[in-house]
Chemist: 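Handing you a structure now.
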Amino acid sequence: MGSPFRIIISCQDSTGLSKTIQKAQELAWNLEMQLSDYQVNSDLSQVNQRAGSGQFYPIQEPFRAIIKESLLAYQFSGGDLNIFMGKLVAEWRIARNTRVMPDSTLLQKWVKALQSPCLEFNSDSSAIRLINSDCQMDVGSIGKGFVAQRVLDYLVKSGYPYALVDAGGKISASQVNPQGDAWKVALEFPNSKKISTDYIGIKHQSIASSGKTYQQVDIHGKKYSHVLDPKTGIGLEHARSATAIANEGARADWIATAATIMEIDEIKVLLQSFPQVQVLVWEYQNGELEILLNHGILKVD
């Protein structure tokens, strides 16, 4: 996943803290070596390398857990959140460096592959294989939130109940202190690095945002996001950003991503299935900041 990683712990007694932090970082690295497509020897990369060969590859519990949540995301997003777009993602990474539009024939070929089942488990679900070589796994839309939550859970179980974990901007947090104070998090405005003066309080929750502020490419005067529409294979062109707050890191991560792709009415339907999730969708339209959906995040006077 290749993102900055930060741990904040509030405690009065730091005895054993450095050792616990070291183990937490080792846990994050272990998850990276299972789930990252940037690591050629990761479990995910090994699965991708065997795509279409018929070979099963054994996976560990975290990998199974993130697949389970990803399949749930696919179902409730109407297919707009799809972790089998690895070839499309890789092609757009190249485009961001070369500023050359990806080959439309290839994009269409890979989009077509997504219309059929890509994944198969063995009889006891201990191993998986990708049926079609055009299907490649990429968990960038859910992985950072997943890792943040796993590391937070480890810290709490290790005796540090007041903690915050930031995995590349996807944050999971418990509470600040025994009094139950919430952690304060600021939001960036859409397609901008400017920070809102209003703070969001999170306690035993995770928060994630998605948009094209940091990863976009200008090709022939059009700006394309790193977030791709799986139905077209094209990077999103709008300047919409979305933030989601949920009780679990992976869920906040994928809902934030999906909310930048889905229509507003579709997001509202999705939220009926996740009543504890809060979502904000906003963007600049004609120079004016427009709030397209505010489901429990911004305070309304």
Chemist: When you compare the side chains of Asn82 and Asp80, does any donor N or O come within less than 3.5 Å of an acceptor on the partner?
Modeler: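 Short answer, no.
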Chemist: I'd like to know if Glu69 pairs up with Arg251 as an ion pair, taking the criterion as any Lys NZ or Arg NE/NH1/NH2 lying under 4.0 Å from an Asp or Glu carboxylate oxygen.
Modeler: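 Salt bridge present between Glu69 and Arg251.
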Chemist: Given Trp183 and Ile171, is the side-chain contact (heavy atoms from CB on, under 4.5 Å) satisfied, shown in steps?
Modeler: CA-CA 10 Å; Trp183 293 90; Ile171 295 171; over 6 Å; no
Chemist: Could you tell me the separation between the CE atom of Met101 and the CH2 atom of Trp92, rounded to the nearest 0.5 Å?
Modeler: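 Here the interatomic distance stands at 3.5 Å.
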Chemist: Tell me yes or no: between the side chains of Gln175 and His204, is some donor less than 3.5 Å from an acceptor?
Modeler: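 On atom types as modelled, these side chains qualify, holding a pair under 3.5 Å.
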Chemist: Just checking, any donor-acceptor pair under 3.5 angstrom between side chains of Ser126 and Asn122?
Modeler: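 Judged by distance alone, the side chains do pair up.
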Chemist: Working note: Val47 + Arg129, criterion side-chain contact (heavy atoms from CB on, under 4.5 Å); need CA distance, chi angles, decisive distance, verdict.
Modeler: CA-CA 6 Å; Val47 171; Arg129 65 183 175 192; over 6 Å; no
Chemist: side-chain contact (heavy atoms from CB on, under 4.5 Å) for Gln34 and Leu31? Distances and angles first, verdict last.
Modeler: CA-CA 5 Å; Gln34 291 185 55; Leu31 293 171; 4.3 Å; yes
Chemist: Have Gln46 and Arg50 got a donor and an acceptor in their side chains that come within less than 3.5 Å?
Modeler: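 A pair is found: one side chain offers a donor N or O, the other an acceptor, under 3.5 Å apart.
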Chemist: For Glu26 and Asn30, which I'm curious about, is there any donor-acceptor pair between the side chains at under 3.5 Å?
Modeler: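 No, Asn30 and Glu26 have no side-chain donor paired with an acceptor closer than 3.5 Å.
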Chemist: Closer than 3.5 angstrom, by distance alone: can the side chain of Asp138 be matched with the main-chain N or O of Gly86 as a donor-acceptor pair?
Modeler: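 Such a contact is absent between Asp138 side chain and Gly86 backbone.
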Chemist: Check this for me: Phe121, atom CZ, are more than 12 non-hydrogen atoms of other residues, nucleotides or ligands nearer than 6.0 Å?
Modeler: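 Yes.
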Chemist: Between Tyr224 and Arg93, is there a cation-pi geometry (under 6.0 Å to ring centre, at most 45° from the normal)?
Modeler: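 Not satisfied by the 6.0 Å and 45° rule.
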Chemist: I'd like to know if Arg150 and Glu61 make a salt bridge, using a cut-off of under 4.0 Å between side-chain N and carboxylate O.
Modeler: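 Answer for the salt bridge query: yes.
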Chemist: To the nearest 0.5 Å, what is the distance between CG (Leu293) and CD1 (Ile264)?
Modeler: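 Reported to 0.5 Å precision, the distance equals 5.5 Å.
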Chemist: Does Lys231 have more than 12 heavy atoms from other residues, nucleotides or ligands lying within 6.0 Å of its NZ?
Modeler: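 Correct, the count exceeds 12.
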Chemist: Quick one about Ser141 and Thr257 (side-chain donor to acceptor, distance below 3.5 Å, no hydrogens or angles considered), yes or no?
Modeler: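 Side-chain D/A pair, Thr257 to Ser141: absent.
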Chemist: Looking at Gln276, I'd like to know if its CD atom is crowded, meaning that more than 12 non-hydrogen atoms belonging to other residues, nucleotides or ligands lie closer than 6.0 Å.
Modeler: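 Not more than 12 within 6.0 Å, no.
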Chemist: Decide salt bridge (Lys or Arg N to Asp or Glu O under 4.0 Å) for Lys109 and Asp134; before the verdict, give the C-alpha distance in whole Å, the side-chain angles of both, and the deciding distance to 0.1 Å.
Modeler: CA-CA 8 Å; Lys109 178 174 181 280; Asp134 287 332; 2.8 Å; yes
